[in-house]
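Encoded as structure tokens, the structure appears first; notes follow it.
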Amino acid sequence: MTSAHAAAVKAALPAIEISGLNKWYGNLQVLHDVNLSVAQGERMVICGPSGSGKSTLIRTVNALEGFQDGEIKVAGIRLTRDQAVVEEIRRRVGMVFQQFNLFPHLTVLENCALPLRLVRGLSPAEARARAMHYLSKVRIPEQATKYPAQLSGGQQQRVAIARAVAMQPEVMLFDEPTSALDPEMVKEVLDVMVALADEGMTMAVVTHEMGFARQVADRVIFMDAGRIIEQGPPSTFFSAPKSDRTRAFLQQVLH
Amino acid sequence: MTSAHAAAVKAALPAIEISGLNKWYGNLQVLHDVNLSVAQGERMVICGPSGSGKSTLIRTVNALEGFQDGEIKVAGIRLTRDQAVVEEIRRRVGMVFQQFNLFPHLTVLENCALPLRLVRGLSPAEARARAMHYLSKVRIPEQATKYPAQLSGGQQQRVAIARAVAMQPEVMLFDEPTSALDPEMVKEVLDVMVALADEGMTMAVVTHEMGFARQVADRVIFMDAGRIIEQGPPSTFFSAPKSDRTRAFLQQVLH
Amino acid sequence: ETLDRVNSTKVLKVATNAGWPPQSFLDDSNQLVGFDIDVANEIAKRLGATAEFDTPEWGVMTGGRWGGRWDVAVGSITPTKPRSEVLDFAGIYYYTPYVFAVHKDSTLTDPKELNGKRIGVETATTSEEYVNRSLVIDAPGVPPVEYWLEPGEVKTYADSMLPFDDLRLGDGVRVDAVISGEQTVLGAINNGYPIKILSGEYAFQEPLAIVADKGDAEWTSKLGETIAAMKADGTLSQLTTKWYGKDYSE
Amino acid sequence: MHYKDNIDYPPMLTRPVVFVPLLSAIFAGLWWFQSGDGAFGRLVRGLAPVAEGNPLNLVTAACVTALVGFNIFVVMRLPLRQQVWLVWGELAALILLFFYSFDLSFAFIQRKIGFLITQGLLTTLYISAASIAIATVLALMGAIAKLSSNGIAQGIAHFYTSLFRGLPLLMQIYMIYLGLPQLGYVVDAVPTGIAALSLCYGAYMTEIFRAGIESIPRGQWEAARALGMRPVAVMTRIILPQSMRVIIPPTGNQFISMLKDSSLVSVVGVWELMYLARTQGQTEFRHIEMMVTASLIYWLMSIVLELLQKRIETHFNKAATR
Amino acid sequence: MHYKDNIDYPPMLTRPVVFVPLLSAIFAGLWWFQSGDGAFGRLVRGLAPVAEGNPLNLVTAACVTALVGFNIFVVMRLPLRQQVWLVWGELAALILLFFYSFDLSFAFIQRKIGFLITQGLLTTLYISAASIAIATVLALMGAIAKLSSNGIAQGIAHFYTSLFRGLPLLMQIYMIYLGLPQLGYVVDAVPTGIAALSLCYGAYMTEIFRAGIESIPRGQWEAARALGMRPVAVMTRIILPQSMRVIIPPTGNQFISMLKDSSLVSVVGVWELMYLARTQGQTEFRHIEMMVTASLIYWLMSIVLELLQKRIETHFNKAATR
Ligand SMILES: Nc1ncnc2c1ncn2[C@@H]1O[C@H](COP(=O)(O)OP(=O)(O)OP(=O)(O)O)[C@@H](O)[C@H]1O
Ligand SMILES: Nc1ncnc2c1ncn2[C@@H]1O[C@H](COP(=O)(O)OP(=O)(O)OP(=O)(O)O)[C@@H](O)[C@H]1O
Ligand SMILES: [Mg+2]
Ligand SMILES: [Mg+2]
């Protein structure tokens with residue numbers, strides 16, 4: 001982390017601010033009093049065991065999940081159940097889903113270009129051009145005319161990333177964006193993400209790629225059973241974890 | 001690899017034998033003259049970049065994909081398009097899918113117990129007991145009564161593994177079985193797989209977990225663009241890759 | 001009111017049927033023709049108007065509450081007591097004799113032998129009421145119906161052709177005899193149905209009336225006068241002879 | 001809302017942009033169509049005598065509009081479920097009032113309704129139930145044949161759906177009732193009706209079942225087959241249960257519409273509900289009474305089927321996909 | 001096979017376990033039902049005169065069974081598509097033969113068919129097409145209302161589907177044609193027919209559309225909304241196009257069945273196809289001729305609709321999920 005970057009991070013309003021967030025599914029509490037503030041341009045990594053509430057947490061940020069208690073602000077806008085607010089936040093926040101959620105009836109290119117036309121108001125030609133640009137960035141321009149069902153798992157995941165990133169949102173939420181990728185491709189996709197980060201995009205990334213966390217993140221969050229157990233810059237997080245739970249988790253990471 | 005184990009591997013008939021396999025999707029050739037033999041009890045890892053044909057290859061083994069040219073034998077039985085043959089092979093070969101393919105209308109427990117009853121002829125009580133045993137092994141006994149849609153991504157993946165493994169097939173095909181798991185859980189699931197391997201089960205694992213490949217595999221296969229580029233025991237594969245392509249791939253792996 | 005409207009628009013709106021030769025049907029050039037059509041045209045002429053025809057379903061036509069869609073129904077409607085509660089009968093304009101039809105191969109010769117046999121009738125017609133002994137004709141000067149038939153079984157059809165089709169299958173296959181209007185049976189015979197009329201007495205004589213919607217006494221009586229005039233000067237007798245080959249106007 | 005969005009959409013009808021134009025439209029419509037001369041007008045005149053002519057139209061339109069507005073205002077204050085039921089009930093009351101306005105003879109209905117139910121309703125139910133059962137079996141066979149790799153089975157199934165969807169049901173009844181005797185086989189009326197209804201609805205339902213089965217993603221079949229399950233088991237345990245969500249609503253349609261199409265068998269002399277209603281009505285020229293009565297009976301039956309459908313749907317929806 | 005399994009199932013009918021019992025069953029059935037007395041028997045007697053009585057039954061049964069067996073044998077040798085078409089064609093020929101056996105007067109048909117088509121078919125097509133268009137719009141509105149979070153819209157939609165699916169179509173026609181005049185509004189016959197058909201079919205199709213929309217996994221809605229698309233755009237660009245695969249087959253059913261239900265408007269005096277066929281037939285006691293002619297016309301129309309349905313299905317299936 002360069003110090004200029006760090007300064008920029010500090011300066012502005014937080015991009016995401018979560019305070020006192022609690023969420024239940026029926027009787028099961030999946031988020032326990034979560035407090036979190038992500039600065040503009042910050043690159044935050046969320047890790048933690050399976051089922052600890054990572055997906056749920058980032059899905060609450062753009063109102064894909066409701067919550068029972070607490071407050072969320074995105075770029076200073078308080079998230080309510082008001083339509084205008086939700087639409088505004090969703091225009092500013094992009095998301096890559098754990099299950100990809102590609103549109104099966106549209107080709108890869110249309111998957112990326114349609115939202116650009118409908119939401120960003122691009123002309124069809126502009127939209128196609130920008131879509132192709134991002135498909136090239138994730139190395140699948142040659143798959144543009146295929147349907148999602150004809151792609152391999154990793155190719156689908158890259159389409160999902162290109163589709164979300166092409167919208168050029170202020171904040172990007174990534175839910176395990178490299179799970180289906182081979183190490184080589186992981187590297188390339190992470191490079192794309194770093195490039196975005198360098199353009200000042202705020203990023204919250206759920207990932208198990210500790211390498212990425214270590215090299216790129218401004219901050220690492222560790223969740224377990226719906227709670228944020230520990231957070232800190234990667235340097236201290238990896239070398240000197242405070243809690244036993246974090247230590248146990250990090251020890252299991254295979255090399 | 002213990003030498004006793006190595007001896008056992010050598011002794012018997014190959015569990016899978018693939019020769020001269022070619023497969024096209026329309027004009028696109030996705031498998032190029034693949035030759036491969038997997039010994040009984042062998043643990044084989046397949047890696048390679050996204051879209052290189054790994055999923056396609058293992059899906060041809062239990063006839064989920066057809067092929068245009070070549071020969072596949074499983075436990076000495078030549079795979080034809082004859083019903084009896086395909087049924088026999090599918091009874092011997094288990095599979096974990098990259099997309100999980102859980103049955104959404106059945107609970108987690110029923111997902112695992114139903115095939116045990118229908119295919120292995122277990123009584124309902126036996127089937128439930130065995131299903132619970134394997135669900136405990138993958139650490140989600142408490143999710144048994146939920147439906148797949150109510151699980152996190154990693155939990156779903158573990159159900160898929162438990163469901164396949166509970167059938168106790170002779171050969172298991174894993175298609176990226178740990179992609180949705182956190183490092184801690186990866187370790188546990190791999191431990192389960194190692195335990196299976198120690199019971200003599202033959203395994204072909206598509207994975208990007210180089211750690212697993214290094215520690216557990218008897219052999220590593222590297223595929224690119226539908227061809228097997230290189231193969232060998234992990235010791236030589238990782239330390240002295242022969243081809244440039246493999247070297248390039250291995251260099252990108254982040255640590 | 002209706003009279004005023006007919007006088008002012010010079011149009012008489014007539015409800016009738018389209019599938020009942022020889023009363024009203026489509027000829028080969030697909031025009032409505034028939035006895036009822038001629039009668040309606042004649043009435044219109046005498047009222048100084050032209051007739052316009054519409055062909056609603058029987059139930060709609062005879063259910064009353066026309067909502068001003070039609071001025072008169074010339075559709076060979078039998079005046080019965082319950083019907084008179086929803087419609088006004090302007091006058092009888094002819095009579096139809098009902099007969100028994102049997103298969104050509106039938107050994108029966110006398111209607112009386114039909115006791116205990118299976119009789120087919122069309123639903124909701126006077127023939128059905130006749131076999132059920134519930135036919136009460138509400139018209140002056142018509143002799144009361146005599147009931148002597150004791151059918152073994154009555155088969156009802158919601159279609160006027162099906163009784164004949166069942167009879168055609170053979171003597172006693174599904175029915176032994178069918179009760180229907182003489183003209184209908186003759187029509188079937190002319191079109192090659194292997195059936196015959198049992199000679200002897202008619203089952204009953206059915207009077208047929210011209211009908212108006214309930215509630216406009218002036219209009220009904222005007223219609224009644226017109227029919228009476230047509231009967232008196234022989235127009236009706238001439239028209240029945242033209243279409244039926246017999247004088248059915250008495 | 002099926003797709004919950006974590007948005008509380010402001011109730012549409014309380015936004016002035018919606019309700020001002022809505023009420024204006026109602027008002028204008030009523031005025032334009034001279035509601036003063038119709039039933040509403042008569043009602044208003046009954047309540048408060050006004051002069052004839054245009055003012056009556058105006059007053060009527062204003063009254064009705066005000067009533068609608070007030071009603072919306074009241075309903076919006078209730079919780080969702082109660083809103084739905086209240087609106088349902090209000091509309092049902094309006095329809096019953098509409099029927100009532102026909103000036104029906106209830107004495108006549110009372111006299112006949114017993115027979116309508118004991119003879120007519122029972123026959124209708126009996127024929128429909130038998131046909132539904134047979135049609136479902138035919139449809140399942142047809143759908144599987146259409147999706148099979150057997151050319152003869154496919155050919156027969158395609159021909160079956162084409163012919164029996166294509167021919168009018170009445171013609172099918174005639175074919176069996178009048179046509180088979182030509183070939184030497186005489187069939188009775190009730191079996192004729194059941195056969196024709198089953199064949200016809202089986203053909204329609206074949207298409208519904210086929211679409212339902214095809215709607216399940218291929219991965220489900222692959223997973224079950226890879227586990228070693230036999231094709232029949234995969235179909236009955238994995239594919240069909242999932243496709244039920246898609247199959248049930250159009251099948252409910254077919255069942256409801258079969259109730260009423262069963263009345264066509266009356267042409268061959270079966271005394272079912274509609275037939276009795278028509279004949280009883282015609283003989284005494286009270287067919288509006290009988291039509292209304294029969295219709296209400298049909299409506300009741302379909303409400304029962306609807307509720308049943310809802311329960312079954314809920315059952316199959318319990319694990320709705322995320 | 002929809003779910004390709006990479007198995008070449010041995011053609012069922014060539015396995016002795018299947019074809020021996022099948023042919024035996026056909027033989028026994030024919031014998032049992034005394035086929036000698038029927039049409040087949042007459043045919044056989046025509047070809048080769050045999051003594052009366054039992055032997056005739058036996059010979060007939062044997063001949064027909066042999067014919068069926070030979071036919072299967074021949075068909076099995078063809079490629080799949082040709083199998084399907086050949087079987088289809090054979091069955092169609094059999095049905096036409098069956099109609100032919102009614103001893104129809106073709107002169108009469110020839111005389112009347114022109115008018116059936118120019119007047120009847122055109123009216124039927126016109127009424128059906130108008131009703132289909134309106135019903136589709138109603139159904140879309142109904143489905144969205146049912147899935148909305150607005151209690152009043154839900155209540156109205158539920159009532160709408162309940163009432164118009166529940167009441168017999170005939171009653172709906174009466175309500176509009178005879179009932180509305182009671183309220184002071186007289187409606188003509190053709191508008192009555194179109195209104196009743198649209199309302200009734202709109203109600204059925206509401207359920208079909210609802211089920212189709214509900215069948216799309218929630219993730220699709222979430223993804224589109226998270227990308228910032230507006231609800232209307234999500235519906236029209238993402239959800240509806242995907243649900244078409246599920247919606248089209250039952251909707252095709254409805255269109256085909258509307259063709260024939262449109263004949264009910266003849267009760268208010270509209271001269272459509274079925275009405276003309278019936279009345280023309282009655283006039284000269286040639287109603288079997290007219291029924292057969294009208295049926296074949298209906299069949300042709302539904303074959304056209306079927307082919308259309310197939311094309312649209314293929315279009316929406318091109319990206320079928322893996
Ligand atoms: N149905 C199909 N039609 C056309 N091309 C296909 C189809 N299925 C797969 N492919 C192509 O075949 C190639 C191999 O796909 P496969 O799924 O085997 O890759 P993979 O090695 O498993 O990749 P990943 O690691 O991303 O899962 C890909 O380029 C893919 O686009
Ligand atoms: N619809 C639901 N109903 C009930 N429980 C649910 C539902 N959705 C999620 N859960 C539970 O909530 C918990 C958190 O789920 P979440 O998807 O946020 O986990 P995660 O941290 O993303 O895990 P993973 O790394 O495996 O994706 C899990 O235990 C899961 O079983
Ligand atoms: Mg998750
Ligand atoms: Mg793959």
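Letters A, B, ... mirror the listed sequences (proteins, then strands); counts begin at 1. When reading the values below, keep in mind they use all heavy atoms of this one structure, side chains included, and skip hydrogens, waters and symmetry mates.
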task = Check step by step if side-chain contact (heavy atoms from CB on, under 4.5 Å) holds for I238(D) and H105(B).
result = CA-CA 8 Å; I238(D) 305 297; H105(B) 65 302; 4.1 Å; yes
Atom of [X], atom of [Y] and distance for their closest heavy-atom approach:
{"X": "P115(B)", "Y": "L227(D)", "result": "CG-CD1, 3.8 Å"}
{"X": "A226(D)", "Y": "N62(B)", "result": "CB-ND2, 3.8 Å"}
{"X": "A223(D)", "Y": "R163(B)", "result": "CB-NH2, 3.8 Å"}
{"X": "L118(B)", "Y": "A233(D)", "result": "CD1-CB, 4.1 Å"}

key: Neighbour count above 12 (heavy atom, 6.0 Å) for R130(B) CZ   =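 Yes, enclosed.
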ask   = So L106(B) and R237(D), side-chain contact (heavy atoms from CB on, under 4.5 Å) or not? Walk me through it.
value = CA-CA 10 Å; L106(B) 299 179; R237(D) 312 301 288 264; over 6 Å; no
ask   = Between the side chain of Q220(D) and the main-chain N/O of L102(B), is any donor-acceptor distance below 3.5 Å?
value =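 At least one qualifying donor-acceptor pair exists.
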message = Just so I know, are the side chains of M229(D) and R90(B) near enough to count as touching, which here means a heavy-atom distance under 4.5 Å?
response =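 They are not in side-chain contact.
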Engaged part of F103(B) at the chain D interface, taking heavy atoms whose separation is under 4.5 Å =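 Contact with chain D is through both the backbone and side chain of F103(B).
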request  = Tell me, for R92(B) versus chain D, whether the close heavy atoms (under 4.5 Å) come from the side chain, the backbone, both or neither.
outcome  =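 No part of R92(B) comes within 4.5 Å of chain D.
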